[in-house]
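Notes follow once the structure below has been shown.
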2 protein chains.
Amino acid sequence: MGRRSNPPLTRQRILEAAVALADREGLEAVSVRRLARQLCVDPMSLYNHVDSKEAILDGIVELLMREADLPVEPMEWDAWARFTAHRFAELAARHPRAFAVFSLRPLMAPESIRPVEAFLAALARAGFTTERSSEILVAFFGYVVGFSMLRHARSLFTEAEPSATDMSRLSPEEFPRCHQLATLPQPEEEVVFDASLQALLEGMRAILSADVRTTRVARTREATA
Amino acid sequence: MGRRSNPPLTRQRILEAAVALADREGLEAVSVRRLARQLCVDPMSLYNHVDSKEAILDGIVELLMREADLPVEPMEWDAWARFTAHRFAELAARHPRAFAVFSLRPLMAPESIRPVEAFLAALARAGFTTERSSEILVAFFGYVVGFSMLRHARSLFTEAEPSATDMSRLSPEEFPRCHQLATLPQPEEEVVFDASLQALLEGMRAILSADVRTTRVARTREATA
DNA sequence: TGGTGACACCTACAGCGTAGGTAAAGCAAG
DNA sequence: CTTGCTTTACCTACGCTGTAGGTGTCACCA
């Protein structure tokens, strides 16, 4: 083994350093060489533990998902959704910058995919078709990740690191309301997030009951034919 | 002026090439040097028309927003939201890969911000407080952009360019439902997108009426005190 | 003891964004 | 027509990036 000084390099140590660096300086600061410098190690040494830089980003996703600790045991689909939504919101608050990996890389680790499989199973048990389940998955994660990213990683008006140019660009004369929003503190209570989520699930329940109705009609038609 | 051969280089031509390249090979393929090669021009020549690579990405956002052509004239807040949601969904379908810039860069161009200002004005007219409007903006754009990205740019199971590894990773034994989803074609009708959006707006209307009620109570308390 | 595998290191290469400098083309005034 | 200024295309060069390929050294096992 090469001349060693520090605790031995491991995948885990690399990924933890990556998450820390991402939260400190943003995801674009996460480079193989920066990480190596942080870990007091040669850049190429990382490749003994990870396949590529993309694999490092996938590892960040994996770590965040592990921290989110989503439920995998059977439960009601809407309970799973509410639970998961809050876990993601908390995760985004803890990792405002690293959280953006979810828009960059897919879920790769089996432990990350397992809870999704559980959600799909719950949807099927409730009576959703496969096609509907697919769309509901997209709608649910789209809302949760989209909301959390916009609130914490921010990308509608302001950069990830809100700068002075953000304000100067939003001149109070031309864009009074946008300008005002940029100065607003974050709400302490998640009333809109919760209410919108609640409404979203309500809409999905409506789809379900409509689906069940038409399925039943189709079945009876089959039976009488 | 330098030795010219082609039509003159302009910001517009650069940005159009950037959008085309992004849609063809993904946003990560958009580099100053690649663009210059496409335009048969020296890399540094681009800097006579744009400030930086970030400015190019901002320009992509600008072009897409111009193409979306969101309403800026006064209208009901929920009508604006429905209209905008569909424009964004269509935009994402036309530019599946370039669409991801919305998660990378904020709105910079005044013409991009103007419709948002109009939406905020509509929310205020309807009776939403500034704080509520801010959260509703996040919820709305979070849902619309999140959904569209997940559907078209895809990043939950599969890469932007769905590859064979996506399927092999989702083994049919361990993840039967996720595996099945990866093979599913896109639905021809947007029933879940529409229904969820409808539900979302319904939830916001509920918040509004609750707000109006409490505001009225507070006002009468003030009056009687 | 000799072999084998793991792992840290090193060199090198192609590509990136862009600072700084040069030169040619277009245009305005004299 | 000449003079000079502005614009803009080009070129060189620097420090950064990801990573292919090769080398040396350690731990362990036969």
_Strictly below 4.0 Å: does B:Arg37 bring a side-chain N or O up to OP1 or OP2 of C:dC16?_
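For C:dC16, OP1/OP2 do have a side-chain N/O of B:Arg37 under 4.0 Å.
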*asked:* Using OP1 and OP2 only, check whether a side-chain N or O of A:Ser31 sits under 4.0 Å from D:dT17.
replied: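 True: A:Ser31 side-chain N/O within range (under 4.0 Å) of D:dT17 OP1/OP2.
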Quickly work out the [X] [atom1] to [N] [atom2] distance and round it to whole Å.
X       : N      : atom1 : atom2 : result
B:Lys53 : D:dT17 : NZ    : P     : 14 Å
A:Leu46 : D:dT19 : CG    : P     : 11 Å
B:Leu9  : C:dG26 : CG    : P     : 15 Å
B:Asp42 : D:dA13 : CG    : P     : 14 Å
B:Leu57 : C:dC16 : CG    : C1'   : 14 Å
A:Glu28 : D:dC16 : CD    : C1'   : 14 Å
A:Leu27 : D:dT17 : CG    : C1'   : 16 Å
B:Arg34 : D:dT17 : CZ    : C1'   : 17 Å

*Below 4.0 angstrom, N of the basic side chain to O of the carboxylate: do B:Glu25 and B:Arg97 qualify?*
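Looking at B:Arg97 together with B:Glu25, the answer is no, because their closest N to O distance does not fall below 4.0 Å.
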Counting side-chain heavy atoms from C-beta on, which of [options] comes nearest to [X]?
X       : options                : answer
B:Tyr47 : D:dG18, C:dT18, D:dT17 : C:dT18
A:Met44 : D:dG21, C:dA8, C:dT18  : D:dG21
B:Asn48 : D:dT8, C:dC7, C:dG17   : D:dT8

*In terms of the angle between their ring planes, are B:Phe88 and B:Phe141 parallel, tilted or perpendicular, with boundaries placed at 30° and 60°?*
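Rings of B:Phe88 and B:Phe141: perpendicular, over 60°.
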*How are the rings of B:Phe119 and B:Phe140 set to each other: parallel, tilted or perpendicular (split at 30° and 60°)?*
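The rings of B:Phe119 and B:Phe140 sit tilted, inter-plane angle from 30° to 60°.
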*If only atom types and distance count, is the side chain of B:Arg132 paired as donor or acceptor with the main-chain N or O of B:Leu123 below 3.5 Å?*
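No, the answer is negative, given that no donor and acceptor are paired below the 3.5 Å cut-off.
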*asked:* Here's a test of your reading of the structure: between B:Thr10 and A:Pro43, which maps to the more 5' nucleotide of DNA chain D?
replied: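 Result: B:Thr10.
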Show me, pair by pair, the donor-acceptor contacts under 3.5 angstrom made by side chains of residues 35-44 of chain A, not counting sequence neighbours?
unit_1	atom_1	unit_2	atom_2	d
A:Gln38	OE1	A:Arg24	NH2	3.4
A:Asp42	OD1	A:Met44	N	2.8

*Which sits closer to the 5' end of DNA chain C, A:Arg33 or A:His49, going by the nucleotide each is nearest to?*
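Comparing both residues, the 5'-ward one is A:His49.
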